[in-house]
Amino acid sequence: MENVKVFSIIIAVFSVLSVESVGLKDLKTCNFGAVYNFGDSNSDTGGGSAAFWPAGKPCGETFFGRPVGRGCDGRLIIDFIAEHLGLPHLSPYLDSIGTSFRYGANFAIGGSTIRPQNESMSLNGVSPFSLDIQIVQFDQFKDRTGHFYNRSFPRHRRNLPRPEDFSKALYIFDIGQNDIAAGLRKKNDSAFHASVPDIVDQLAKAVQNLYEHGARTFWVHNTGPIGCLPVSLHYHDIKPEELDEQGCLKAQNAYSMEFNRQLKARVIKLREELPHAALTYVDIYAAKYELIGNAKKQGFVEAANICCGFHEDEIQVYCGHKQNINGTEIYAGSCENPSDFISWDGVHYTEAANRWVAHRIINGSFSDPPLPIKHACHKP
């Protein structure tokens, strides 16, 4: 715990000094007219529900009062980012009903990976909408909306993005956790480590593609501590020596840290390759790990506790599902107060936890360079 406290203080001091050193007071606030997001279920605002099957109750109960396609009781980090920028919540690209793309679009789909996997949604929850497909969808989106915008009456343009906003938009990447999960499923450490350079290179190619089409500001999240997810802790027989000081699986977190190390190096290299781009690397891992290590001090219950689902006596029923156990139907509903929990369903975070993380990354405290998101269009 003391290590976490010291780490937090170092991060805070470094951020203040670094922000002052780049002359934050002299920087103008970026005018992000739109946000385009690429990712997995951590930032999926309804794409998965539109593509496969809708997220059911009790998801969405805290903020929206109904299921809205998010694997959460309420808002995600991407929702808090949009609100902070004064923009509406992002409409999923695949959602055809009541959508507006005036201020951006969300291409994230739950279960998505950076690198295409030889797996399926029905087999193990892996989405066919890998990052390369999401980029193809964006390219088509940009071309088609531009075509119709330039040929429509003004009243028909209100739900379409302004062509000039694409170059001034913020492009967010929040993907990679499922690539790590795929590596863990295969239980081959050497194969996973050999694959990481290609995984991060494919993300870099996505950034390069967007850059070639006029994108200039990129906000790249690394992946969180997968070994701290309660689903990892509840579904495995674990020996004490396998856990770190926060009760997380050391071996699984080692996968995340190696991916993040190489991702950061690749982002730094991209800054050299894309001279007109502003690229921010966001340490989601550090932010979430700090929250987990200080759960009770931040007003949460133990980080390993799950709000939605039934996990007792070796019986595991996933959030919102029903199962007949010894003649008794068990419904895996939500806890009484989701805001007391970090984990919503064992994999995804609650709205309260997402808010906690979002408020700490948007001010630049966990970013390289350490600029607030509203100044992310500037190169230090």
Side-chain angles (χ1 to χ4, degrees), residues 40-76 109-112 119-127 177-178 180-182 184-185 187 224-239 242-243 246-249 252 288 291-292 295 300-354:
D40 51 33
S41 59
N42 289 313
S43 59
D44 181 356
T45 56
S49 289
F52 303 109
W53 48 82
K57 295 180 179 179
C59 289
E61 65 179 15
T62 295
F63 181 79
F64 301 100
R66 62 186 180 89
V68 289
R70 292 159 174 79
C72 178
D73 62 304
R75 289 166 289 183
L76 308 177
I109 300 284
S112 293
E119 297 177 309
S120 69
M121 180 63 74
S122 59
L123 178 65
N124 46 31
V126 174
S127 163
Q177 181 171 303
N178 292 315
I180 295 171
L184 290 169
R185 280 195 301 273
K187 298 180 180 180
I226 195 169
C228 297
L229 295 179
V231 69
S232 300
L233 304 172
H234 281 265
Y235 286 77
H236 296 86
D237 293 325
I238 300 171
K239 299 176 182 178
E242 296 180 276
L243 301 176
Q246 306 305 339
C248 303
L249 287 165
Q252 292 197 6
K288 288 184 174 179
L291 171 59
I292 290 164
F300 295 94
V301 299
E302 291 286 351
N305 291 355
I306 300 173
C307 173
C308 185
F310 185 89
H311 308 278
E312 297 179 12
D313 301 324
E314 299 185 356
I315 298 173
Q316 315 287 352
V317 185
Y318 194 69
C319 178
H321 289 203
K322 296 178 181 179
Q323 187 172 326
N324 191 291
I325 306 294
N326 298 325
T328 301
E329 184 177 76
I330 294 175
Y331 171 66
S334 66
C335 57
E336 185 175 351
N337 296 305
S339 61
D340 292 339
F341 288 72
I342 290 176
S343 179
W344 168 240
D345 56 11
V347 177
H348 307 99
Y349 287 57
T350 60
E351 173 177 289
N354 285 328

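Every heavy atom of this structure was used, including side-chain atoms; hydrogens, water molecules and symmetry mates were not.
- Remark: side-chain polar atoms of H234 are paired, donor with acceptor, to backbone N or O of A304 under 3.5 angstrom.
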Inset, instruction - Test L243 against L249 for side chain to side chain contact (heavy atoms under 4.5 Å, CB included), laying out the working first. - result: CA-CA 5 Å; L243 301 176; L249 287 165; 3.9 Å; yes

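- Judged by distance alone, with hydrogens and angles left aside, the side-chain atoms of D345 form no donor-acceptor pair with the main-chain N or O of C308 at under 3.5 Å.
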Legend entry - Trace of the side chain to side chain contact (heavy atoms under 4.5 Å, CB included) decision for V126 with R185: CA-CA 12 Å; V126 174; R185 280 195 301 273; 3.4 Å; yes

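- Scanning both residues, A303 and A295, for their nearest heavy atoms gives N-CB, 4.2 Å.
- Side-chain atoms of T62 and E351 form no donor-acceptor pair, as typed in the model, at a separation below 3.5 Å.
- Side-chain contact between P58 and W344 is present, with at least one heavy-atom pair separated by less than 4.5 Å.
- Using a 4.5 Å cut-off on side-chain heavy atoms (C-beta onward), H348 and L76 make no contact.
- At least one donor-acceptor pair closer than 3.5 Å links the side chain of D40 to the backbone N or O of N42.
- Within a 6.0 Å radius of CD in E302, other residues, nucleotides and ligands contribute 12 heavy atoms or fewer.
- The minimum heavy-atom distance between N354 and R75, with the atom names listed, is ND2-O, 3.1 Å.
- Residues D73 and S334 fail the side-chain proximity criterion, which asks for heavy atoms closer than 4.5 Å.
- Across all non-hydrogen atoms, the minimal contact from P338 to E61 is CG-OE2, 3.6 Å.
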Inset, instruction - Show the numbers, then the answer: is there a side chain to side chain contact (heavy atoms under 4.5 Å, CB included) between Q323 and F310? - result: CA-CA 10 Å; Q323 187 172 326; F310 185 89; over 6 Å; no

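- Taking every heavy atom of both residues into account, F300 and A352 meet most closely at CE2-CB, 3.8 Å.
- C248 has its SG atom within less than 2.5 Å of the SG atom of C228.
- On the SG-SG cut-off of under 2.5 Å, C307 and C335 qualify.
- A side-chain donor-acceptor contact under 3.5 Å links S343 to the backbone of G346.
- To the nearest 0.5 Å, atoms CG (N178) and CD (E119) are separated by 9.5 Å.
- Side chains of F341 and I306 form no contact here, defined as non-hydrogen atoms less than 4.5 Å apart.
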Inset, instruction - Output, in order, the C-alpha distance, side-chain angles, deciding distance and verdict of side chain to side chain contact (heavy atoms under 4.5 Å, CB included) for F63 and V68. - result: CA-CA 10 Å; F63 181 79; V68 289; over 6 Å; no

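- A distance-only check finds a donor-acceptor pair linking the side chain of S49 to the backbone of A55 [under 3.5 Å].
- Here the CD1-CD1 distance, from I325 to I330, works out to 5.0 Å after rounding to the nearest 0.5 Å.
- Closest of all the heavy-atom pairs between K57 and Y331 is O-OH, 3.8 Å.
- Scanning all heavy atoms of the two residues, the minimum distance from I109 to G47 falls at CD1-C, 3.3 Å.
- Taking CG of L291 as the reference point, atom CD1 of I342 lies at 4.0 Å (rounded to 0.5 Å).
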